S.K.: 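Mind having a look at this structure? Questions to follow.
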Amino acid sequence: MPDRAPQPVDRQLPTDEARDLISLVRDIAQREVAPAAAEEEDAGRFPRELFTLLSESGLLGLPYDAEYGGGDQPYEVYLQVLEELATARLTAGLGVSVHTLASYALAAYGTKEQQAEHLPAMLGGGLLGAYCLSEPASGSDAASLRTRAVRDGDHWVITGTKAWITHGGIADFYTVMARTGEEGPRGITAFLVPGDAEGLSAAAPEKKMGMKGSPTAQVHLDGVRVPDSRRLGEEGQGFAIALSALDGGRLGIAACAVGLAQAALDEALRYAAERRQFGRPIADFQGLRFMLADMATQIEAGRALYLAAARLRDAGRPFAKQAAMAKLHCTDTAMRVTTDAVQILGGYGYTADFPAERYLREAKVLQIVEGTNQIQRMVIARHLAGPEAR
């Protein structure tokens with residue numbers, strides 16, 4: 001029934017350029033991303049050629065300066081691009097978000113010389129990045145990281161293991177947080193490490209319940225030497241850089257979560273319009289109609305929340321609290337909506353013949369990455385009530 005078919009999201013975009021950009025992204029998503037998504041995710045195949053296309057299309061550097069190959073787009077627009085990509089395939093949207101996160105330290109804290117040397121290739125030269133903060137024994141407590149960088153003349157020697165690294169083993173560059181000084185957050189420094197650096201290797205990718213097409217692996221640094229010219233920011237500034245990057249990265253995860261939830265809602269709407277029971281489409285039954293209404297409302301609320309936070313960021317205003325709220329709400333929404341989509345499809349929703357079960361498996365990880373949702377609640381509470389008593 002055409003009147004019940006899912007429709008593209010009606011977006012409020014600030015410029016004609018932004019509208020043209022969304023049209024381009026929808027075309028790429030429809031032609032290049034969605035058709036292979038189910039097969040490649042099932043096979044655990046990372047679509048590197050897709051990311052080459054995204055780079056050539058200018059989609060890997062959207063929020064960064066055009067001077068260095070970026071798109072000069074506000075976060076408000078960039079996040080809606082992520083949402084469109086994630087609706088077609090979460091691996092695509094999340095991959096662009098992680099690449100943007102990995103590029104942030106250089107774009108925001110690098111010297112002009114560093115930016116001129118490295119950013120053009122990172123933003124539009126087909127390279128793919130990874131962000132290395134977490135370790136096997138330091139996840140939520142990231143300030144306790146043990147990877148160490150020791151100065152040796154005009155070089156640093158980095159030794160340690162990073163964990164849960166998206167694009168681990170396939171990235172062309174790694175933004176690595178390592179300890180150069182005292183214990184705690186003030187002893188951490190950021191480095192830009194080439195993917196082919198001697199002594200850098202990756203373990204076999206983790207075997208995950210979802211997002212199988214996006215490799216997640218431990219990255220080992222065994223005496224990796226990098227020149228001081230690849231140190232990003234000042235010594236001891238790395239943890240502040242990492243937290244600043246994560247504020248923007250959490251908005252990326254929020255947008256991807258909304259995209260995934262939108263895909264699940266679209267699938268539920270398609271099925272409910274076509275599936276007939278008791279002589280009529282199941283979309284006519286009030287119980288299902290209420291479920292669909294709740295799903296759509298939660299998605300719209302999440303979209304509004306991440307866009308409000310993005311507009312604060314674009315205006316140069318504090319947005320850390322709103323970023324945490326957006327990440328929390330949008331990823332919890334993705335979990336609820338994908339669960340309801342499986343329920344609407346009934347037995348078919350539990351089979352791999354339909355994408356609903358994949359959406360549900362993928363949604364779970366979004367509540368964990370870039371700060372678990374329990375950490376997001378801690379961040380929000382600190383903004384509301386101040387730091388916890390020690």
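Here the structure is a predicted model, which is why all the values come from computation and not from measurement. Note that these values count all heavy atoms, side chains included, but never hydrogens, waters or copies made by symmetry.
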S.K.: Who passes side-chain contact (heavy atoms from CB on, under 4.5 Å) against Glu39, sequence neighbours left out?
M.R.: Arg45
S.K.: Could you pull out all residues at least two apart from Ala363 that satisfy side-chain contact (heavy atoms from CB on, under 4.5 Å)?
M.R.: Leu260, Ala334, Met335, Thr338
S.K.: Quick one: hydrophobic cluster around Ile375, which other residues, with the 4.5 Å side-chain cut-off, linked directly or via members?
M.R.: Met378, Val379
S.K.: With sequence neighbours excluded, tell me which residues meet salt bridge (charged side-chain N to carboxylate O under 4.0 Å, His left out) with Arg275.
M.R.: none
S.K.: Please enumerate all residues that pass side-chain contact (heavy atoms from CB on, under 4.5 Å) together with Asp222, with sequence neighbours excluded.
M.R.: none
S.K.: Counting the benzene-type ring for Trp, do Phe173 and His118 have ring centres under 6.0 Å apart?
M.R.: no
S.K.: If the condition is salt bridge (charged side-chain N to carboxylate O under 4.0 Å, His left out), which residues does Glu362 pass it with, not counting sequence neighbours?
M.R.: Arg358
S.K.: What pairs with Glu32 under salt bridge (charged side-chain N to carboxylate O under 4.0 Å, His left out), at least two apart in sequence or on another chain?
M.R.: none
S.K.: List in chain and number order the residues that pass salt bridge (charged side-chain N to carboxylate O under 4.0 Å, His left out) with Asp152, two or more places apart in sequence or in another chain; answer none if no residue qualifies.
M.R.: Arg225
S.K.: Donor-acceptor pairs under 3.5 Å, side chain of residues 48-56 to any protein atom, not counting sequence neighbours: which ones?
M.R.:
{"residue": "Arg48", "atom": "NH1", "partner": "Ile170", "partner atom": "O", "Å": "3.3"}
{"residue": "Arg48", "atom": "NH2", "partner": "Gly126", "partner atom": "O", "Å": "3.1"}
{"residue": "Arg48", "atom": "NH2", "partner": "Asp172", "partner atom": "OD2", "Å": "2.6"}
{"residue": "Thr52", "atom": "OG1", "partner": "Arg48", "partner atom": "O", "Å": "3.3"}
{"residue": "Ser55", "atom": "OG", "partner": "Gly126", "partner atom": "N", "Å": "2.9"}

S.K.: When clusters are formed from ILVMFWY side-chain contacts under 4.5 Å, directly or step by step, what else is grouped with Phe191?
M.R.: Trp156, Ile158, Ile165, Tyr174, Val176, Val193, Leu200, Val219, Leu221, Val224, Val226
S.K.: Suppose we screen for ring pair (Phe, Tyr, Trp, His ring centres under 6.0 Å). Which residues come up paired with Tyr78, at least two apart in sequence or across chains?
M.R.: Tyr75
S.K.: Looking at residues at least two apart in the chain, or sitting in another chain, which of them share a side-chain contact (heavy atoms from CB on, under 4.5 Å) with Arg311?
M.R.: Glu76, Leu307
